[in-house]
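Computation of the quantities below employed the complete heavy-atom set of this structure, encompassing side-chain atoms and omitting hydrogens, waters and symmetry-equivalent molecules. The sequence lines fix the lettering, A, B, ..., with proteins before strands; numbering per chain opens at 1.
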There are 2 protein chains.
Amino acid sequence: MGTTQLETVPEPKYWHLKTVLSEALESEFSVGEILPNERDLAARFGVARATLRQALEQLELEGRLQRRRGVGTTVAPPRVGVAVGTEQHAWPGAGNDVWQAVDCAVAAPPAAVSAVLETGREEAVYTVRRSRVSHGQPVAAELLYIPASSVPELSAIDAPSGPARARAVLRELQRLELEGQESAVELGSARADDAKELDRLPGAPVLVVTTRFLADGRTAALSVATYRADTCRLTFGDSGGVEIHQDPERRAS
Amino acid sequence: MGTTQLETVPEPKYWHLKTVLSEALESEFSVGEILPNERDLAARFGVARATLRQALEQLELEGRLQRRRGVGTTVAPPRVGVAVGTEQHAWPGAGNDVWQAVDCAVAAPPAAVSAVLETGREEAVYTVRRSRVSHGQPVAAELLYIPASSVPELSAIDAPSGPARARAVLRELQRLELEGQESAVELGSARADDAKELDRLPGAPVLVVTTRFLADGRTAALSVATYRADTCRLTFGDSGGVEIHQDPERRAS
DNA sequence: GAGTGGTCTAGACCACAGA
DNA sequence: CTGTGGTCTAGACCACTCT
């Protein structure tokens, strides 16, 4: 038989579903509105719940939806732009910093961190935890690794832990002359502790920003910040940034 | 009964699986090696295939694995660092550009793009497609939107489309004085066309970098570049960048 | 054709939020 | 308590790659 077969490429159901839902979101729902529950939606579209969920997951990944266990699925607001990598090189904690120091510990960092800091394999470093809030919502959690050699004047008589200790460490760090900083962004999934702080489930997609602070010809501090990928758009340069969202599968109609 | 119940929080199976696999990857496999197929792995761990797949998906998201239909699952090499947002402001296509022009069309852009370019709703703009290759692999696909007002001298006698046309448009663009550029990074999923160019399935996670080029007090061009999130680490600053990977759930042992 | 990952189903139970 | 999303199962078939 001459299987004429235009209509090649049988589009996956969940992909088509995603498109349909996406259009419905724009025309029939407003931000914050809650959608019907997954079982109803699946029935309405005549698919299994797992298939429906695959579509919802993608929409959540794109920051269009927000799902919370025990509550429901709501239409997400546009992503908030968070400035990162301001070109005005500055030490963490300096001046008008958007970060808030949470805690400070002294411990051996992960091996990958030791390698960058050029510290010994089991050598302990100051580990400062900070969190970043924007528009009332937590958007990022950070771990700052600072080798003792970067803050030689730090006296042991200060508080041994807690926010006060964290601030003391950062204050000492600022005595060094910052020669430069370089950052990298990559996709990751939230560890249990970060997830908790970001009010997400473990494994949630995050944007990991690692920043190396250079002073004295070496890496004086290393920051590993994890941003909620669903709600954040990281901006570089003159802050604020562009208001563009990817417009899936469509050229303005 | 006094359900003593230490061991609260029943960790999801797929989460535990991911940890186990992650450790196995480091100790028992080398880059490029292929893993047993999903059915065998699921049987070996005593879970359903869907559960195993949930773990594999996360590891792929983190850039630890690479899966290809009809072939198998392999251990991925470390992410490649790609420089983006070099602070040396420069027009696209200028000098030693890492991008390669593919095509050029004249069409009405998505509404979100029109808004930024301040063009009319149905006004056509030059749309240049470019691709970026690193280490022999395609890492990014870009759409560059350039309103006709940014390249007034462009004569219609050049090739009407194709790479030659694209290069001609970029050449004209460079006559303007670049006043600045600002970028933003966010998570997205690959459209069908981008996915094809990146050798991935539609919906694959991508890092979307939108860059606004400023000249003459307005947005002279807008770039929307989608990078493979599984294989790329975007670096800012003195390029090269930090060799850090998130070390899930573990402090150096 | 054989073997792989990708999609899909129709159920079940669990963890959590809110009344 | 009810209702929500999150996890999990044991199948089935499809699309693709390679031989």
For [X], side chain to side chain contact (heavy atoms under 4.5 Å, CB included) partners two or more places apart:
{"X": "Arg39(A)", "result": "Asn37(A), Arg49(A)"}
{"X": "Val98(B)", "result": "Arg132(B)"}
{"X": "Val71(A)", "result": "Arg68(A)"}

**Item:** Any Arg67(B) side-chain N or O less than 4.0 Å from OP1/OP2 of dG6(C)
**Value:**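 For dG6(C), OP1 or OP2 has a side-chain N or O of Arg67(B) closer than 4.0 Å.
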**Prompt:** Distance check: side-chain N/O of Tyr14(A) vs OP1/OP2 of dT7(C), anything under 4.0 Å?
**Reply:**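 Answer is yes, contact under 4.0 Å.
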**Message:** Applying a 4.0 Å non-hydrogen cut-off, can you work out what Leu56(B) is touching in the nucleic acid: base, sugar-phosphate, or nothing?
**Reply:**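 Result for Leu56(B) = nothing.
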For [X], give me all partners under side-chain hydrogen bond (donor to acceptor under 3.5 Å, both in side chains), at least two apart in sequence or on another chain.
{"X": "Ser27(A)", "answer": "none"}
{"X": "Ser223(B)", "answer": "Glu142(B)"}
{"X": "Arg200(B)", "answer": "Glu60(B), Asp230(B)"}
{"X": "Gln137(B)", "answer": "none"}

Rounded to the Å, how far apart are [X] [atom1] and [N] [atom2]?
{"X": "Gln66(A)", "N": "dG5(D)", "atom1": "CD", "atom2": "P", "result": "13 Å"}
{"X": "Leu201(A)", "N": "dT4(D)", "atom1": "CG", "atom2": "P", "result": "18 Å"}
{"X": "Ile34(B)", "N": "dG3(C)", "atom1": "CD1", "atom2": "P", "result": "13 Å"}

**Prompt:** If you check every side-chain atom of Gln54(B), which of dC8(C), dG6(C), dC8(D) has the closest atom?
**Reply:**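 Of all the options, the side chain of Gln54(B) is nearest to dC8(D).
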**Item:** Candidates dC8(D), dG6(D), dC16(D) - which lies nearest the side chain of Arg69(B)
**Value:**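 Between dC8(D), dG6(D), dC16(D), the one nearest the side chain of Arg69(B) would be dC16(D).
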**Asked** Is Arg64(B) salt-bridged to Glu26(B), cutoff N-O under 4.0 Å?
**Response**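 Salt bridge: yes.
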**Prompt:** Which parts of residues 70-77 of chain A get close to DNA chain C, meaning a heavy atom less than 4.0 angstrom away?
**Reply:**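 Hits under 4.0 Å, by residue number: Gly70(A), Val71(A).
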**Prompt:** Which residues within residues 37-53 of chain B lie with some heavy atom under 4.0 Å of an atom in DNA chain C?
**Reply:**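 Only Asn37(B), Glu38(B), Arg39(B), Arg49(B), Arg53(B) qualify.
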